[in-house]
Amino acid sequence: MTHEPANILLVDDRRENLLALEAILEPLGHTLVSVTSSTDALKELLLHDFACILLDVQMPELDGFELAELIKQRERSQHIPIIFVTALSKEERHVFRGYSAGAVDYIFKPIDPDILRSKVSVFIELWEKGRQLQDQAEQLHRQELAALEEASEERYRQLADAMPQIVWTSDAAGATTYLNRRWFEYTGTTPEELGPNAWLTVVHPDDLPGVVARREQTLYSGETFEVEYRFRGADGAYRWHLGRAVPMRRGDGPIEFWIGTATDIHDRKLVEEQRAFIVAAGDVLARSLDYRETLRQVAELAAREIADWCTVHLVESDGAIVQIAVAHNDPTKVTFARELQERYPPSSESPTGAPAVIRTGEAELVPEITEAMLRAAAVDDLHYELIEQLGLSSYLCVPLKGRGEVLGAITLVASESGRHFGAEDLALVEELGRRIATAIENARLYREAEARAQAARVLATIGDGVFLVDRSGRIRLWNSAASRITGLAEGDVLGRTPETAVPGWETVAGLVPVAASGESARAENVPLQTNERELWLSISAVGFEDGTVYAFRDLTDERALETMRQDLVATVSHELRTPLAAIYGAALTLRRDDVDVEGELHDKLLEVIAEESDRLADIVNDLLLASQLDTGTLKANIERCDPAEIATLEVEATRVHLPDTVDLELRLADDLPSVAADAGQLRQVLGNLLENAVKYSPEGGTIRVVVEPSGRNVRFAITDMGLGVPPNEQRRIFEKFYRLDPDMTRGIGGTGLGLYICRELVRRVDGRIWVESDGSSGSTFIVELPQESLTPAVAAHRRISAPA
Ligand code: ADP
């Protein structure tokens, strides 16, 4: 028990009394505080704790009773025992007042020192007892509090230990003071290893600088510490955590300690990273249609973000598997890998690797590449040593699956990073694989569409007719050449069968062989009778999976030319043979010795030879002229000609050989204007027409020639009463070699060149020629030539425009 001295307050207005009291109480060894007024007493009571008060009853201003009452009123002093010191009588009245004012005792003067000392001692003892009790109570209270605190701390500890997060505390300077159970479970460390900075040893080296800097900053500033970092787990793998620490203070005081947590956000972080990677890869793939280039970029991205190595293989159109990309952050490693591949070319037969994945369409995942695996993959010891140098730790290969076929494979290999691929990585790369396959297919489809569009453009512009009949027998494509050649518009044939859409198709269909796809098609020349005319087509057909493609070329003109050539040979040879035979016969007769060819017969024979020679010459001239007209080498000397004069000359020339059955009339209009023409050629035209009029009037009749003005032209009309020309032949008789009666059933010969020559000559002077006939009662051939009253400039122009 401690005996600290107690304070005793002595109050008396007279110093000598105080001195007396002090002298008496001194021996008790307590602190005596003496004051001479009630005011000073109250002051002392405010400053100190007193065990007892000795109070003089009679004092000026405030007497002892009044002061006692004040002391009792104040809480802090109300329990202090008060002993009144008085010289007053021991009257009941006074004593009562003293006790009611709070006195515990009275000391009457003169004072007995022993009594005073013993009384005061009792009070001091009481006071000390009270103090002890109070101390004990306080101590007890503190102990209870400590126990309580300990219990709650234990509860917090248990709570912290039960938490799935890592929880820790540190002192104000940042030194670790507590780590919960989860920490030890996760890191595999023991509490014994716990140093003030133990946590730093498990932070990923890449994250460490940032974390330390941030921690120092927050320790200094008192801000909340929040950072994402990787903690190494007991298995050696790092997982992302979100670390948070808040400072704890009492009130506004300084930081007492820190409470921190670290929450595993690895899965979320991975998903974020994967999403970011997939988005970035998607961006790269979408950047261009040149997927070989974009795949190279994706491989580089993958090598940087999710692996150390990335390769991409593609299946080429010929089925070959080609590695189109190898990526690693370090280009020297790529070179090394390439050289290694060159030295040890990977076998396409290998049961693992990209070719195998492409073959089977199944992904491969090797979380941990073992030495045994490398040994099995190596061809020889050197090879093993070389691949060992690469330090491969994990491998993943995923097929690039398109619609219905495997387009290639993407391979990831981990090395320096020490990563081990798992199911998550597989899922990620499969997603990447799907995107790559879509990008490849899109690019190929685009290219195909381009090619198709090009093919469509070619189809539209080529000169050959092309059409497609689908498996149901309907026309699905009909190009513009097909429309032009057949005269059938696309809209009229699409969706219909060729039998219903193309007139005369039935006969053609049977004649055209359909070649199988890939075989060379054989073209057949077939006639096709359209509504308008007969066409000759060279047509071929190729079958393919969707139907049959027909391609055809219009041979009608070639065919006509061919026919014409045949006609020429037939007619010309016949026409030549007749005069030749006559000449030959006459000559033979003249040479005969046995017959005396004299006089009239001799002349007659010579005349035959001369006439037939003329005919021969005419035929040859016609042939020559026709050929000059064809080649454009005939020159026209256009000048002012008198139509009456030319018509008269030709009519008179015809009259010389006119058969008896034929009458020839010429009627010339008055004041005929002159025409712009080549006089010789105009005579030839009129001569031909007159000759025909005679020739094709086997029954004879009148031939009338009328020359008259017609508008700005001069018109020559030669009318006969002969065979006539049927209306549907009236255009064709002007074609080369065309004859109405090629087989000469009527015995009228000819080359079929006369009217052709007429037409060409008339055209060259801007004239027109045509025939009018009902086909039975004769015909009228009309030639119209422009008048020569036109300006010299126009005439000159004509000369120029006449074909050279
Ligand atoms: P060619 O008289 O040598 O046969 P043309 O070119 O002069 O050749 O005449 C072509 C065809 O036109 C003749 O074969 C004949 O059938 C027909 N033709 C020409 N002139 C007449 C006519 N005046 N009357 C009836 N038919 C004619």
Side-chain angles (χ1 to χ4, degrees), residues 560 563-579 612 614-630 647 650-651 653-654 657-659 661-666 681-706 716-763 768-783:
T563 317
M564 212 152 70
R565 274 197 199 103
Q566 287 165 4
D567 291 353
L568 167 76
V569 174
T571 44
V572 170
S573 49
H574 178 268
E575 284 305 297
L576 290 175
R577 202 183 302 127
T578 318
E612 294 303 320
D614 271 354
R615 229 176 110 184
L616 269 181
D618 281 350
I619 292 170
V620 173
N621 278 341
D622 277 359
L623 281 169
L624 204 64
L625 191 54
S627 122
Q628 281 176 325
L629 287 167
D630 282 349
E650 265 321 292
V651 167
T654 306
H657 306 286
L658 204 63
T661 51
V662 175
D663 284 331
L664 184 55
E665 290 176 6
L666 172 64
Q681 289 171 5
L682 179 54
R683 277 194 64 175
Q684 181 156 12
V685 170
L686 296 179
N688 276 351
L689 295 178
L690 280 167
E691 198 185 309
N692 281 351
V694 176
K695 198 160 76 174
Y696 296 103
S697 299
E699 310 287 311
T702 305
I703 294 171
R704 184 175 299 119
V705 178
V706 178
F716 304 80
I718 296 109
T719 307
D720 64 55
M721 299 160 81
L723 299 174
V725 180
N728 60 342
E729 299 280 11
Q730 289 174 1
R731 208 170 51 88
R732 301 210 64 191
I733 54 171
F734 293 94
E735 289 174 13
K736 212 199 275 183
F737 302 121
Y738 193 82
R739 308 194 71 237
L740 287 183
D741 180 19
D743 303 328
M744 288 191 298
T745 47
R746 288 180 174 274
I748 306 169
T751 56
L753 282 171
L755 287 181
Y756 168 73
I757 290 168
C758 290
R759 185 188 73 185
E760 292 305 306
L761 290 178
V762 168
R763 263 192 197 167
R768 278 201 317 141
I769 181 169
W770 73 97
V771 63
E772 290 174 0
S773 168
D774 61 6
S776 55
S777 52
S779 29
T780 301
F781 283 82
I782 298 152
V783 174

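As the structure lists them, so they are numbered: ligands from 1, and atoms in each ligand from 1. Position 1 is the first residue of the sequence, and the numbers go up from there.
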Cut-off 3.5 Å, no hydrogens considered: what does the side-chain donor-acceptor table look like for residues 681-689, sequence neighbours left out?
residue: Q681; atom: NE2; partner: K635; partner atom: O; Å: 3.1
residue: R683; atom: NE; partner: E650; partner atom: OE2; Å: 2.7
residue: R683; atom: NH2; partner: E650; partner atom: OE2; Å: 3.0
residue: N688; atom: ND2; partner: G754; partner atom: O; Å: 3.4

Proximal protein residues to ligand 1, non-hydrogen atoms under 4.0 angstrom: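 Heavy-atom contacts below 4.0 Å: N692, A693, K695, Y696, D720, G724, V725, I733, Y738, R739, L740, G750, T751, G752, L753, G754, L755, S779, F781.
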What pairs with R577 under salt bridge (charged side-chain N to carboxylate O under 4.0 Å, His left out), at least two apart in sequence or on another chain?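 Partners of R577 by the salt bridge (charged side-chain N to carboxylate O under 4.0 Å, His left out) criterion come out as none, since no residue qualifies.
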Test of understanding: with salt bridge (charged side-chain N to carboxylate O under 4.0 Å, His left out), list the residues that count as partners of E691, not counting sequence neighbours.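 Not a single residue meets the salt bridge (charged side-chain N to carboxylate O under 4.0 Å, His left out) criterion with E691.
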Between the side chains of E612 and R615, is the shortest nitrogen-to-carboxylate-oxygen separation below 4.0 Å, so that they form an ion pair?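 So R615 pairs with E612 through a salt bridge.
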Take atom CZ in R704; do more than 12 heavy atoms of anything else shown fall under 6.0 Å from it?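 No - once you tally the heavy atoms of other residues, nucleotides and ligands closer than 6.0 Å, there are 12 at most.
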Does either side chain, that of D630 or that of Y756, offer a donor lying less than 3.5 Å from an acceptor on the other one?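 Yes.
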